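Working notes, structure below.
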Amino acid sequence: MASTLGPGTCCVSVPKKIGVVLFPTFQTLDVAGPLDAFQWLSNYVPDLKLCLLANTLDPVSTKFSLTKFPGSHPSKFGLSIVPTHTFDDAPQDIDVLFVPGGLGVMSPGADGDKILGPIRTFIKARFPKVKYLLTVCTGSGFVAQTGVLDGYKATSNKAAWDWVIEQSNNVDWQPVARWTVDGENSKIWTSSGVQAGMDMALAWITHVYQSYSPNHEDLGTTIANMEEYVRNMDPNCDPFARVFGVPGAD
């Protein structure tokens with residue numbers, strides 16, 4: 001199911017509505033890094049819209065104290081994001097679904113299922129309708145629980161690799177990858193941990209929106225330069241697989 005990538009060739013019918021899934025104790029940079037790139041993208045792509053999705057319209061916090069997971073410690077440190085929609089009233093025309101990771105996706109037991117169950121249901125229902133699914137970090141492990149990644153290549157956070165691959169035996173997990181692309185029309189994009197999401201997002205921007213580049217430069221690079229971000233353009237450059245001793249990392 002591998003895909004051959006090339007930059008977008010036409011401004012017609014590019015995705016214009018990005019839906020970001022939020023849950024308690026999401027990883028801040030998983031969301032903030034790519035969203036900053038998407039906000040820069042909105043300077044070039046007219047009518048690009050953002051939908052922040054959660055179980056309720058209450059602010060969603062990154063605080064570790066809100067999620068029970070092994071080794072957690074009480075903490076009041078964190079930030080919150082205010083959703084624009086719930087999963088029940090999310091716009092039907094969302095064409096990009098973005099799922100971050102974070103310790104919140106590992107929340108165990110009934111408390112975890114109460115929060116994460118409706119999100120899994122939403123992802124499974126919306127996957128056939130969207131043009132692209134993007135995951136960052138342990139978001140791919142969470143999405144794998146729904147079955148929509150079955151048979152596709154995917155990667156994830158190498159520090160949490162053991163947990164990730166336990167979520168599904170039907171995913172073609174890539175142990176050494178900064179990000180992966182698979183699916184018909186390159187529909188499925190998954191990245192390694194945290195900051196790797198920025199590299200994936202910039203590569204995706206080039207693939208989908210290159211025709212909007214104002215100067216014929218790689219559009220992802222244009223945005224990375226505006227962010228003063230040193231971009232990794234090699235999806236196979238993954239030093240953290242070795243750092244965390246992932247099997248298959250020589």
Side-chain angles (χ1 to χ4, degrees), residues 2-3 5 20-21 23 25-38 62 64 67 69-73 75 77-79 98-107 132-145 149 152-183 186 188-207 218 220-221 223-225 227-250:
S3 303
L5 295 182
V20 177
V21 170
F23 47 82
T25 321
F26 66 89
Q27 179 66 38
T28 303
L29 194 58
D30 286 9
V31 174
L35 283 194
D36 190 76
F38 299 157
T62 63
F64 291 160
T67 305
F69 56 89
S72 63
H73 301 281
S75 172
F77 192 95
L79 56 82
F98 180 96
V99 184
L103 292 168
V105 300
M106 302 179 185
S107 186
Y132 294 98
L133 171 68
L134 281 61
T135 73
V136 178
C137 195
T138 51
S140 59
F142 176 53
V143 172
Q145 296 171 1
L149 295 182
Y152 295 110
K153 292 181 180 179
T155 196
S156 194
N157 187 311
K158 303 313 184 296
W161 190 250
D162 289 346
W163 177 86
V164 169
I165 63 175
E166 287 176 355
Q167 305 315 302
S168 175
N169 294 322
N170 299 318
V171 179
D172 185 7
W173 294 113
Q174 301 296 298
V176 182
R178 186 73 170 170
W179 72 88
T180 65
V181 185
D182 205 351
S186 304
I188 300 170
W189 294 63
T190 69
S191 86
S192 189
V194 195
Q195 194 161 341
M198 295 180 66
D199 294 323
M200 178 195 70
L202 293 167
W204 177 76
I205 284 170
T206 297
H207 175 66
D218 179 292
T221 296
I223 291 173
N225 289 341
E227 296 175 313
E228 297 195 17
Y229 175 64
V230 181
R231 179 185 178 192
N232 181 350
M233 298 181 68
D234 182 358
N236 299 310
C237 180
D238 183 13
F240 297 100
R242 182 176 296 176
V243 168
F244 291 108
V246 174
D250 297 331

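Since we're looking at a predicted model, the values are computed, not measured.
- Taking 4.5 Å as the limit, some side-chain heavy atom of Met198 sits within range of a side-chain heavy atom of Pro34.
- Between Thr28 and Leu79 there is a side-chain heavy-atom pair separated by less than 4.5 Å.
- Atoms CG and OG1, on Asn157 and Thr138 in that order, are 6.5 Å from each other to the nearest 0.5 Å.
- Of all heavy-atom pairs spanning Gly78 and Thr62, the tightest one is CA-OG1, 3.3 Å.
- Between the side chains of Thr190 and Thr180, at least one donor N or O lies within less than 3.5 Å of an accepting N or O.
- Using modelled atom types and a 3.5 Å distance limit, the side chains of Ser140 and Ser156 yield a donor-acceptor pair.
- No side-chain heavy atom of Leu202 sits less than 4.5 Å from a side-chain heavy atom of Thr221.
- Ring planes of His207 and Trp189: tilted class, angle from 30 to 60°.
- In summary, the side chains of Tyr152 and Asn170 do not present any donor paired with an acceptor at a separation below 3.5 Å, with no hydrogens or angles considered.
- The minimum heavy-atom distance linking Asp162 with Ile165 is given by the pair O-CG1, 3.5 Å.
- Of the inter-residue distances, the one linking Ser107 atom OG with Phe23 atom CZ reads 10.5 Å to the nearest 0.5 angstrom.
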Test side-chain contact (heavy atoms from CB on, under 4.5 Å) applied to Val105 and Trp163, step by step: CA-CA 11 Å; Val105 300; Trp163 177 86; 3.8 Å; yes
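- When side chains are defined from C-beta on, Ile223 does not count as touching Phe38, because their heavy atoms never get closer than 4.5 Å.
- Put simply, CG on Asp30 and OG on Ser191 are 7.0 Å apart, with the number rounded to the nearest 0.5 Å.
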Verdict with reasoning, Val136 to Val99, per side-chain contact (heavy atoms from CB on, under 4.5 Å): CA-CA 6 Å; Val136 178; Val99 184; over 6 Å; no
Pair Trp161-Phe244, ring pair (Phe, Tyr, Trp, His ring centres under 6.0 Å): steps then yes or no: CA-CA 9 Å; Trp161 190 250; Phe244 291 108; over 10 Å; no
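- Val176 places none of its side-chain heavy atoms less than 4.5 Å from the side chain of Val246.
- No more than 12 heavy-atom neighbours from other residues, nucleotides or ligands sit within 6.0 angstrom of CZ on Phe240.
- For the atom pair Trp179 CH2 and Trp204 CH2, the distance stands at 14.5 Å (nearest 0.5 Å).
- Using a 4.5 Å cut-off on side-chain heavy atoms (C-beta onward), Thr155 and Trp173 make no contact.
- Of the residues listed (Arg178, Gln174, Lys158), the one engaging Ser192 in a side chain to side chain donor-acceptor pair (under 3.5 Å) is Lys158, and it is the only one.
- Taking 4.5 Å as the limit, every side-chain heavy atom of Phe98 sits out of range of all side-chain heavy atoms of Val21.
- Not counting sequence neighbours, the partners of Arg231 by the salt bridge (charged side-chain N to carboxylate O under 4.0 Å, His left out) test are Asp218.
- Listed here is the closest heavy atom pair of Asp234 and Asn232: N-OD1, 2.9 Å.
- For Gln195, there are no side-chain hydrogen bond (donor to acceptor under 3.5 Å, both in side chains) partners at least two apart in sequence or on another chain.
- Side-chain contact check for Leu149 versus Leu133: some heavy-atom pair is nearer than 4.5 Å.
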Derivation of the side-chain contact (heavy atoms from CB on, under 4.5 Å) call for Tyr229 and Asp199: CA-CA 10 Å; Tyr229 175 64; Asp199 294 323; 2.9 Å; yes
